[in-house]
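Below is one structure, written out as structure tokens; comments come after it.
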Amino acid sequence: MKIVACIKRVPATDVQAKVAADAKSLDSAGYQYMTSFYDEIAVEEAIKTKEAKGGDVTILTISSKDATKEVRECIAKGADGGVILVDEDWMNRDCRATAKALASKLTEMGAELVFMGRVATDRDNASVGPMVATYLDWACVTNVVELEVGDGEATAKRETEAGLETVRVTLPAVITCDKGLNEPRYAGLKGIMAAKKKPLEEAACEAADNQAQVLSLVLPPPRAEGRVIGEGADAVPALIDALRNEAQVL
Amino acid sequence: MSTIVVFVEQSGGTARRASLECLGAAHATGSQVVAVLTGEGAAACANTLGAAGASKAVVLTGTESFSPDATAKDVAAVVKDQAAKGFLAAASSTGKDLAPRVAALCDAVLFADCTTLKAEGDSFAVTRPWLAGKAIATCVSSAAVFCATTRPNVFNPVTDGGSVEVMEKPGTVGGKATVVAVETKPAGKLDVQEAPVVVAGGRGMKDAESFAILESLAAAFGGRAAVGASRAVVDAGWRPHSEQVGQTGKVVSPQLYIAVGISGAIQHLAGMRTSGTIVAINKDADAPIFKVADYGIVGDAFEVVPALTEAIQAVVSQS
Ligand SMILES: Cc1cc2nc3c(=O)[nH]c(=O)nc-3n(C[C@H](O)[C@H](O)[C@H](O)COP(=O)(O)OP(=O)(O)OC[C@H]3O[C@@H](n4cnc5c(N)ncnc54)[C@H](O)[C@@H]3O)c2cc1C
Ligand SMILES: Nc1ncnc2c1ncn2[C@@H]1O[C@H](COP(=O)(O)O)[C@@H](O)[C@H]1O
């Protein structure tokens, strides 16, 4: 089975946001980057599926060439190769333009099962997975916490407000992975050495016809200065009073 | 007047609160609002949506089990039939799953988890979070249909709308993905993203069993509160990941957020800093959580929480 895991290179979760001089984008000077948290879960599930069902796993990303580091790290965990669709302006590519470019590459690769993250922790879209599936006219299950892949079909469980939903799909499919699905492995030394010899293709990404336009970017207003009401259980009556009369939430 | 199509989630004839808020957001732009509903009870629910701001409601009939891809096709067809300029759904699990599909079928970009929506020329503009709310972007789109999801607990539902014209439309049967079972949560258990009050615990709670005191505090709010957790707690296996608040968990904005034994790491703050009122209970007076808290109590959770539970019970039983 041809399995693909899509990953996005995103700013590390502990970065502070700073607005750039254009007042429309982030000032990314000094940022550290990482593979988006949920994409690590997608890579793990792709490799686990290969181990159970056979096939091969390719890591796919749209990014600047700097993503070589992240893609190699994912390959080192047990994937067979990687593809970077090079777009130096990948941070500003909107979810539709990202999904379209991924969908055409996935078709070209002959992908049958695609793993993505529930959400990329930069723009918080949570949209690329179901959009890719729609452009390909494939099945898709989002926020998956349990997965069983059969022959030409799969059963997935996803977390919703109402409870755990069981969804049956026909393959090919896009699965977006949530925390709880697996525990991502670490790459061993052997994997890291092997990854250096595995193919990493770089290809130009199709031009982004972005529809989204950012008019302005601001930092959230700082919260009004709070106060410590007191110490220990003795402070509870004063807290109740503040919640009732000041904040009016009781 | 432009038209916005809103996907309304309902169960057993009652619309989900987050969907009523979404209808409210659409109504407030001055647009004509067309609701789309599916599932058992959809027709009964549709009849109640006039007051909530919908002037038309389309009920998808004949679909037995829910299929997100089939439903997306039906909703996109309504968007087209109504020549709508906008499509909205709540940023719930179902809405966030469905809306990108509808957007793709309209070949439109989607803005997820929006916190404001307004008319802008003959289209719309939204604000939405980046980096889990560390920055806020104002966005417009050049797509023919403006597609967005609205964050729960942010928009106000309308209760004095008008009358609704209900139509039926046969839904698409047999999607590529079908929901075959739902293990429902125990009745009355609220989702952390939808609850007006969240009582969240961190590593300071010491172990899984001690969360019982936070369950009691949540219960004291009379069905309005959910329990949340920090990542440290979820990683330790004390609480399910569905309760994790933060940049790699859920972003919540309840009216009241009570953080107990949570230090306030940047990734946690990203998930709760837009809450209405924040209360922190922590034994370390220097914990960063106090920097975002409106009210803090420095003290031992095991002493403060039971006293707070008793006091809340007294207030709630009076009102
Ligand atoms: C990629 C990445 C993503 C992350 N995403 C998230 C996320 O989504 N959500 C999240 O929460 N974290 C996230 N984190 C983790 C985050 O950095 C912190 O490690 C985590 O939030 C700490 O959890 P905590 O506050 O419960 O524990 P701690 O930081 O250990 O704090 C425990 C607190 O309890 C207090 N305490 C101890 N005993 C008591 C007592 N008896 N009574 C009262 N107070 C007491 C202590 O003073 C302390 O302040 C992420 C980290 C990374 C690297
Ligand atoms: N530039 C990209 N390259 C490869 N995969 C991506 C890219 N952007 C998003 N994805 C995939 O889509 C998922 C959801 O992203 P998003 O919809 O942006 O939150 C991510 O977790 C990735 O698996």
Side-chain angles (χ1 to χ4, degrees), chain A residues 11 13-14 17 19 26 37 94-96 99 121-127 130-131 134-135 138-143 159-170 179-180 211-220 223 226-233 235-237 239-240 242 247 249-250, chain B residues 69 92-94 96-97 100-101 103-105 108-110 112-113 129-143 176-185 191 194 241-242 247-248 255-256 266-267 273 276-277 279 290 292-299 303-304 307-308 311 315:
Chain A
T13 54
D14 56 359
V19 177
L26 287 168
F37 176 81
D94 69 27
C95 57
R96 168 180 162 276
T121 57
D122 56 349
R123 297 293 189 269
D124 312 310
N125 293 319
S127 301
M131 284 185 124
T134 306
Y135 281 122
W138 286 12
C140 174
V141 193
T142 58
N143 304 4
E159 205 89 55
T160 74
E161 294 85 356
L164 209 54
E165 245 177 42
T166 305
V167 185
R168 195 158 296 150
V169 299
T170 50
K179 187 169 174 173
Q211 291 178 341
Q213 196 194 331
V214 180
L215 297 182
S216 71
L217 187 71
V218 295
L219 299 186
R223 289 190 71 92
R227 64 175 198 269
V228 169
I229 298 245
E231 286 184 18
V236 167
L239 174 63
I240 296 287
V249 288
L250 286 183
Chain B
D69 48 287
S92 60
S93 310
T94 301
K96 286 179 109 160
D97 180 271
R101 304 172 196 253
L105 290 168
V109 73
L110 174 78
D113 231 6
W130 281 13
L131 298 173
K134 287 179 196 166
I136 298 163
T138 301
C139 306
V140 293
S141 141
S142 60
K176 293 178 195 310
T178 330
V179 176
V180 291
V182 184
E183 270 169 58
T184 46
K185 286 188 194 171
D191 178 78
E194 290 190 321
H241 48 85
S242 56
Q247 191 163 355
T248 52
Q255 291 158 25
L256 176 61
I266 186 167
Q267 297 96 343
R273 57 162 294 144
T277 300
V279 172
F290 287 120
V292 299
D294 299 287
Y295 307 115
I297 293 183
V298 178
E303 188 199 316
V304 178
L308 181 58
V315 172

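In what follows, chains are A, B, ... by sequence order, proteins preceding strands, each numbered from 1.
Residues forming a side-chain contact (heavy atoms from CB on, under 4.5 Å) with Ala17(A) (at least two apart in sequence, or on another chain): Leu26(A), Leu219(A), Leu131(B), Lys134(B), Ala135(B). Here Asp122(A) pairs with Lys8(A) under the salt bridge (Lys or Arg N to Asp or Glu O under 4.0 Å) rule; sequence neighbours left out.
Within the 4.5 Å cutoff, no side-chain heavy atoms of Gln213(A) are placed close to those of Ser141(B). Contact check for Ile297(B) versus Leu239(A): side-chain heavy atoms found under the 4.5 Å cut-off.
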Legend entry - Arg101(B) vs Met131(A), side chain to side chain contact (heavy atoms under 4.5 Å, CB included): CA-CA, chis, key distance, verdict: CA-CA 5 Å; Arg101(B) 304 172 196 253; Met131(A) 284 185 124; over 6 Å; no
Legend entry - side chain to side chain contact (heavy atoms under 4.5 Å, CB included) between Val304(B) and Val236(A), intermediate numbers included: CA-CA 7 Å; Val304(B) 178; Val236(A) 167; 4.1 Å; yes
Inset, instruction - Quick one: do Thr178(B) and Val167(A) satisfy side chain to side chain contact (heavy atoms under 4.5 Å, CB included)? Show the steps, please. - result: CA-CA 5 Å; Thr178(B) 330; Val167(A) 185; 5.8 Å; no
Legend entry - Derivation and outcome, side chain to side chain contact (heavy atoms under 4.5 Å, CB included), residues Asp69(B) and Cys140(A): CA-CA 8 Å; Asp69(B) 48 287; Cys140(A) 174; over 6 Å; no
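In this structure, the portions of Leu215(A) lying under 4.5 Å from any heavy atom of chain B include both its backbone and its side chain. In this structure, chain A has a heavy atom under 4.5 Å from the backbone of Ala293(B), while its side chain stays farther away. Both the backbone and the side chain of Leu308(B) come within contact range of chain A, judged by heavy atoms closer than 4.5 Å. For Glu194(B), the part lying under 4.5 angstrom from a heavy atom of chain A is the side chain only. Looking at Leu105(B), the atoms closer than 4.5 Å to chain A (heavy atoms on both sides) sit in the backbone and in the side chain alike. For chain B, no part of Pro237(A) is nearby; none of its heavy atoms comes within less than 4.5 Å. For chain A, the nearby parts of Asp97(B) are the backbone and the side chain; heavy atoms of each come within less than 4.5 Å. For Ile229(A), the parts lying near chain B are the backbone and the side chain together; criterion is any non-hydrogen pair under 4.5 Å.
Using modelled atom types, no side-chain atom of Arg227(A) and backbone atom of Gly296(B) make a donor-acceptor pair closer than 3.5 Å. Between the side chain of Glu161(A) and the main chain of Ser93(B), a donor-acceptor pair closer than 3.5 Å is present. Judged purely by atom type and a 3.5 angstrom limit, Arg123(A) has no side-chain atom pairing as donor or acceptor with the backbone of Trp130(B).
With chain A as the partner, the residue from Gln255(B), Glu303(B), Lys96(B) showing the most heavy-atom pairs under 4.5 Å is Glu303(B). For the options Ser142(B), Gly133(B), Ala311(B), heavy-atom pairs under 4.5 Å to chain A are most numerous at Ser142(B). With respect to chain A, the highest number of heavy-atom pairs below 4.5 Å among Ala177(B), Ser242(B), Ala307(B), Gly276(B) belongs to Ala177(B). When the candidates Asp14(A), Val141(A), Thr121(A) are compared by the number of heavy-atom contacts under 4.5 Å with chain B, Asp14(A) comes out ahead. Note on Glu159(A), Lys179(A), Gln211(A): by heavy-atom pairs under 4.5 Å with chain B, the leading option is Gln211(A). Among Val228(A), Asp124(A), Val19(A), the residue with the largest count of heavy-atom pairs under 4.5 Å with chain B is Asp124(A). Counting heavy-atom pairs closer than 4.5 Å to chain A, the top residue among Thr94(B), Val182(B), Ile136(B) is Ile136(B). Ranked by heavy-atom pairs under 4.5 Å with chain A, the first of Ala181(B), Ala112(B), Gly299(B) is Ala181(B). Taking Ala99(A), Pro11(A), Ala126(A), Ala212(A) one by one and counting their heavy-atom pairs under 4.5 Å with chain B, the maximum is reached by Ala212(A). Of the listed residues (Leu110(B), Thr248(B), Val279(B), Val315(B)), the one with the most heavy-atom contacts under 4.5 Å to chain A is Thr248(B).
A donor and an acceptor atom, one from each side chain of Thr13(A) and Gln267(B), are located under 3.5 Å apart.
Once rounded to the nearest 0.5 Å, the distance linking OG1 of Thr138(B) with CG of Leu217(A) reads 8.5 Å. For the atom pair OG1 (Thr160(A)) and CD (Glu183(B)), the distance works out to 10.5 Å, reported to the nearest 0.5 Å.
Within a 6.0 Å sphere centred on CZ of Arg168(A), other residues, nucleotides and ligands contribute 12 heavy atoms or fewer.
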